[in-house]
Number of protein chains: 2
Amino acid sequence: MQNAREAPGNKHATGRVTIIDLAEHLGLAKGTVSRALNGYPDISDGTRLRVRNAADQLGYRPLSHAQAIRTGRVRSVGLVLQMNEHDGHRPFVADFLAGVSAAASAEDWSLTVATASSDAETLKLLDRLAQEKKADGFILPRTRLDDPRVNRLRETGTPFVLYGRTDDLTGCAWYDIESEAAMAQAVAHLVAQGHTRIGFVPGAEGYTYSKLRLEGYLAGLTGAGIAFDPELIAASAVAREDGAAAVGVLLDLPNPPTAILCSVDAAAAGTYDAARRRGLKVGSDLSVISYDGAPESQYLDPPLSTFTVDVRAAGERLANMLIRQCRGEDPETLRALAQATFRKGGSDGPAPHAA
Amino acid sequence: MQNAREAPGNKHATGRVTIIDLAEHLGLAKGTVSRALNGYPDISDGTRLRVRNAADQLGYRPLSHAQAIRTGRVRSVGLVLQMNEHDGHRPFVADFLAGVSAAASAEDWSLTVATASSDAETLKLLDRLAQEKKADGFILPRTRLDDPRVNRLRETGTPFVLYGRTDDLTGCAWYDIESEAAMAQAVAHLVAQGHTRIGFVPGAEGYTYSKLRLEGYLAGLTGAGIAFDPELIAASAVAREDGAAAVGVLLDLPNPPTAILCSVDAAAAGTYDAARRRGLKVGSDLSVISYDGAPESQYLDPPLSTFTVDVRAAGERLANMLIRQCRGEDPETLRALAQATFRKGGSDGPAPHAA
DNA sequence: ACACTTGCCGAAACCGGTTTCGTAGCGGAA
DNA sequence: TTCCGCTACGAAACCGGTTTCGGCAAGTGT
């Protein structure tokens with residue numbers, strides 16, 4: 001009952017201009033204004049234009065939560081980051097965020113993020129954000145083979161997109177980097193330089209990427225016709241110290257590897273430490289290739305040869321997929337696999353002559 | 001679960017339980033339920049308890065945007081990150097986010113973030129988020145002496161909290177690390193080790209922290225009774241390469257400094273490069289002290305002596321301040337100054353004997 | 001016994017949008 | 001002319017909460 005408000009506008013003490021202000025200003029019903037702005041077909045082109053002009057002349061912006069109450073959509077992508085322990089992917093969150101945010105902003109969506117330090121907390125946050133409808137759907141980074149988040153979101157019917165693959169992908173939208181291909185390529189590269197004993201440092205257990213990178217390593221060996229030696233698989237390592245320890249074991253073998261392939265850059269940094277402690281020079285005595293493309297790995301001595309990932313692009317793509325899924329597109333049509341690119345440093349070289 | 005909802009409820013296909021479902025289940029009016037849950041005084045303790053129990057038994061969670069339409073508050077803190085160029089503070093955003101998010105979650109608030117790559121974009125995003133009411137207020141990191149964001153938000157009356165100080169602090173809530181004290185302390189530390197010619201590498205121009213750290217450096221000199229030599233102020237540097245170039249100029253002086261004090265860790269890394277190129281050994285030939293506490297600076301050789309900042313705590317504190325301000329507390333009572341802590345590495349030592 | 005508080009809750013307005021429904025006015029076909 | 005259908009809009013219901021208002025019943029004072 002928008003009653004006797006003499007002068008249009010200037011109703012609330014606050015400067016907000018509501019859709020009623022706009023409607024009165026135009027001499028239209030608020031419903032008409034709403035339909036005009038939202039592209040309904042039963043509005044004449046003339047009226048639509050008039051409304052649009054008045055809208056951005058008066059600086060009208062609908063309150064997103066006011067629309068949400070009827071539409072059920074808040075135009076927000078959700079992201080719950082789990083950063084336990086000594087996570088080496090910290091450097092990437094900035095770029096990832098930039099990508100997600102950029103893609104969201106382009107569609108006039110926003111980004112709601114939360115951080116957790118355990119699986120339980122992650123699930124609790126996902127629940128809360130979904131229940132309170134702070135986000136329309138979620139991006140799930142760092143997928144595991146058996147991921148509790150997808151199970152949860154599947155139950156509640158909340159849209160989500162995976163950064164990485166998982167065991168059961170039915171009904172899932174996902175984006176991933178084909179790191180298994182990169183690993184195989186790395187092996188081939190090393191073999192071409194004369195290496196035959198190539199150690200491998202796996203990533204964190206349970207994560208899909210770890211399994212895939214190991215598979216890539218194995219595929220690379222097979223492709224090169226090199227027999228697999230289980231002795232050359234080190235312990236998992238995602239932190240520098242762990243990498244040093246894990247690789248140390250390999251280097252102390254009676255017949256040590258001449259090259260190390262790491263699943264993550266942090267482990268590669270540890271590999272440098274392990275080599276240095278044993279008097280081995282990285283790049284000549286010991287070749288190292290890794291995966292991540294962390295900026296600081298350029299500053300190792302020698303600079304690390306590693307596969308870089310366009311994290312920002314991943315964020316953009318994922319946000320886009322999620323938005324489209326929320327708009328009704330079939331998740332299974334929203335999938336993509338990208339490639340990592342090799343960044344040549346000085347850490348790999350020809351195999352040294354046998355002693 | 002509690003699904004056996006054939007009687008009351010079961011209205012929507014969706015499984016959401018609304019306040020009406022809850023009211024019917026209890027035989028109360030929905031207004032009564034709302035007041036009971038929101039702590040109004042005109043509800044008997046018995047009823048309040050009954051409502052609360054039923055609420056979390058049925059798993060009722062109000063839609064935040066539905067409440068927002070009446071209350072005007074969405075319970076969300078806003079954060080617009082501006083990451084232009086080669087920003088060295090990327091590693092910190094993860095921890096900062098973790099802090100902000102943790103404090104927000106503790107109050108049942110959420111966090112809305114956006115990223116921009118220019119001042120104009122930052123302002124546009126702030127405007128949009130404020131207009132659409134995606135956030136109740138904003139945290140403004142990396143304040144400048146004359147900050148366009150505070151001007152903008154002041155005009156529109158949007159609550160905000162500064163991470164860092166600015167020129168005109170009237171009506172502002174802020175949190176900052178007293179880096180000027182750290183710088184002065186660093187100078188004193190170096191002087192105590194016999195250094196008398198101490199170079200200084202300023203941070204990015206226009207930012208408050210740069211001015212304050214320079215002031216700290218100068219105060220340190222004064223405190224030690226050392227005359228200020230303008231020649232020892234290098235060019236601004238926030239990236240490794242720039243740091244190397246800037247410090248190179250100082251090292252090539254006829255009477256070069258024996259110690260370098262950097263405003264940021266990235267510049268310190270560049271200082272290492274500059275020293276190495278000139279055959280100087282960091283820690284003995286040239287002492288280096290810096291500020292930031294970037295994790296990777298521990299891996300420089302020798303490990304960097306630097307002042308570390310508890311970025312996560314900063315995020316927590318700022319989120320708290322913003323929430324309290326949104327709840328009506330006077331911004332000028334919401335201020336705090338914290339200290340950085342010195343992390344001794346191997347990059348500083350006694351001054352070498354004069355040639 | 002009567003007026004007067006309180007305590008406690010129901011009813012309804014309200015927030016700012018979206019969506020449905022009904023209809024006046026107009027043009028074209030019979 | 002009359003009937004029909006379509007266009008373009010007004011009016012009102014609606015979304016899910018919050019907040020105001022009014023009133024019943026029990027308790028209090030005198």
Side-chain angles (χ1 to χ4, degrees), chain A residues 1-3 5 8-9 11-51 55 58-75 108 131-134 136, chain B residues 8-9 11-51 55 58-75 108 131-134 136:
Chain A
M1 53 132 40
Q2 52 289 11
N3 48 11
R5 36 183 84 286
K11 31 179 36 175
H12 307 90
T14 152
R16 279 210 101 265
V17 21
T18 75
I19 199 173
I20 295 189
D21 298 330
L22 187 52
E24 288 178 353
H25 175 81
L26 286 163
L28 292 172
K30 69 171 181 174
T32 305
V33 172
S34 173
R35 280 174 315 199
L37 291 174
N38 293 340
Y40 276 64
D42 64 341
I43 300 290
S44 73
D45 292 334
T47 302
R48 189 188 310 285
L49 197 64
R50 208 160 62 88
V51 171
L58 267 65
Y60 169 67
R61 277 226 183 245
L63 292 172
S64 78
H65 57 264
Q67 346 190 181
I69 198 185
R70 193 74 219 273
T71 63
R73 300 230 243 78
V74 290
R75 286 181 299 134
D108 261 292
Q131 303 249 14
E132 296 188 347
K133 197 75 179 182
K134 290 279 196 171
D136 297 295
Chain B
K11 22 186 46 174
H12 309 92
T14 153
R16 283 211 96 263
V17 19
T18 75
I19 199 174
I20 295 190
D21 297 331
L22 186 53
E24 288 178 352
H25 175 82
L26 286 163
L28 291 173
K30 69 170 182 175
T32 305
V33 173
S34 173
R35 279 172 313 192
L37 291 174
N38 293 339
Y40 277 63
D42 65 342
I43 301 291
S44 75
D45 291 335
T47 301
R48 188 187 313 283
L49 197 64
R50 210 161 60 89
V51 171
L58 268 64
Y60 168 67
R61 276 222 183 249
L63 291 172
S64 77
H65 57 263
Q67 346 191 176
I69 200 186
R70 193 75 219 275
T71 63
R73 300 233 242 76
V74 290
R75 286 183 299 134
D108 261 291
Q131 302 250 14
E132 295 188 348
K133 198 77 182 183
K134 289 280 195 171
D136 298 294

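In what follows, every chain begins at residue 1, and chains take the letters A, B, ... in the order their sequences are listed.
Residue B/I19 contributes atom CD1, which lies 15 Å from atom C1' of C/dC15 at whole-angstrom precision. The interatomic distance linking B/K30 (NZ) with C/dC14 (P) rounds to 14 Å, in whole Å. Nucleotide C/dG17 holds its P atom 20 Å from the NZ atom of A/K133, rounded to whole Å. At whole-Å resolution of the value, CD1 in B/I20 and C1' in C/dG10 are 14 Å apart. Computed from coordinates, the B/L28 CG to C/dG7 P distance equals 19 Å when rounded to whole Å. Here the P atom of nucleotide C/dT19 and the CG atom of A/L37 are 12 Å apart, to the nearest Å. Whole-Å rounding puts the B/R50 CZ to C/dC8 C1' distance at 13 Å.
Among all heavy-atom pairs drawn from A/K133 and A/V74, the shortest one is O-CG1, 3.5 Å. Contact record, B/G72 with B/D136: O-OD1, 4.0 Å, taken as the closest heavy-atom pair. Looking at every heavy atom in both residues, B/V17 comes nearest to B/G59 through CG1-O, 3.9 Å.
Between A/T32 and D/dC9, a side-chain N or O to OP1/OP2 separation shorter than 4.0 Å is absent. A close approach under 4.0 Å does not occur between any side-chain nitrogen or oxygen of B/S34 and OP1 or OP2 of D/dT19. Side-chain N/O atoms of A/T47 include one lying less than 4.0 angstrom from OP1 or OP2 on D/dC9. Between D/dT7 and A/R48, no contact under 4.0 Å exists linking OP1 or OP2 to a side-chain N or O. Between B/Y60 and D/dG17 there is a side-chain N or O to OP1 or OP2 distance below 4.0 Å.
Between the A/R16 side chain and the B/Q131 main chain, a donor and an acceptor come within less than 3.5 Å of each other. In this structure, B/R35 contributes its side chain and B/I43 its backbone to no donor-acceptor pair below 3.5 Å.
With respect to A/Y60, the side-chain contact (heavy atoms from CB on, under 4.5 Å) criterion is satisfied by exactly one of A/V51, A/D21, A/L37: A/L37.
Nearest to the side chain of B/S44, among C/dC8, D/dG16, D/dA11, sits C/dC8.
Among the protein residues, B/G27 comes within range of the sugar-phosphate backbone only, with heavy atoms under 4.0 Å from sugar or phosphate atoms but none that close to a base.
For residues 36-46 of chain A, the pairs satisfying side-chain hydrogen bond (donor to acceptor under 3.5 Å, both in side chains) are A/S44-A/T47, with sequence neighbours left out.
Looking at B/D42, its side chain has no donor and acceptor atom pair within 3.5 Å of the base of C/dC8. Residue side chain A/R35 reaches the base of D/dG10 through a donor-acceptor N/O pair under 3.5 Å, judged by distance alone.
Within residues 64-75 of chain B, the residues having any heavy atom closer than 4.0 Å to DNA chain C are, in order of number, B/I69, B/R70.
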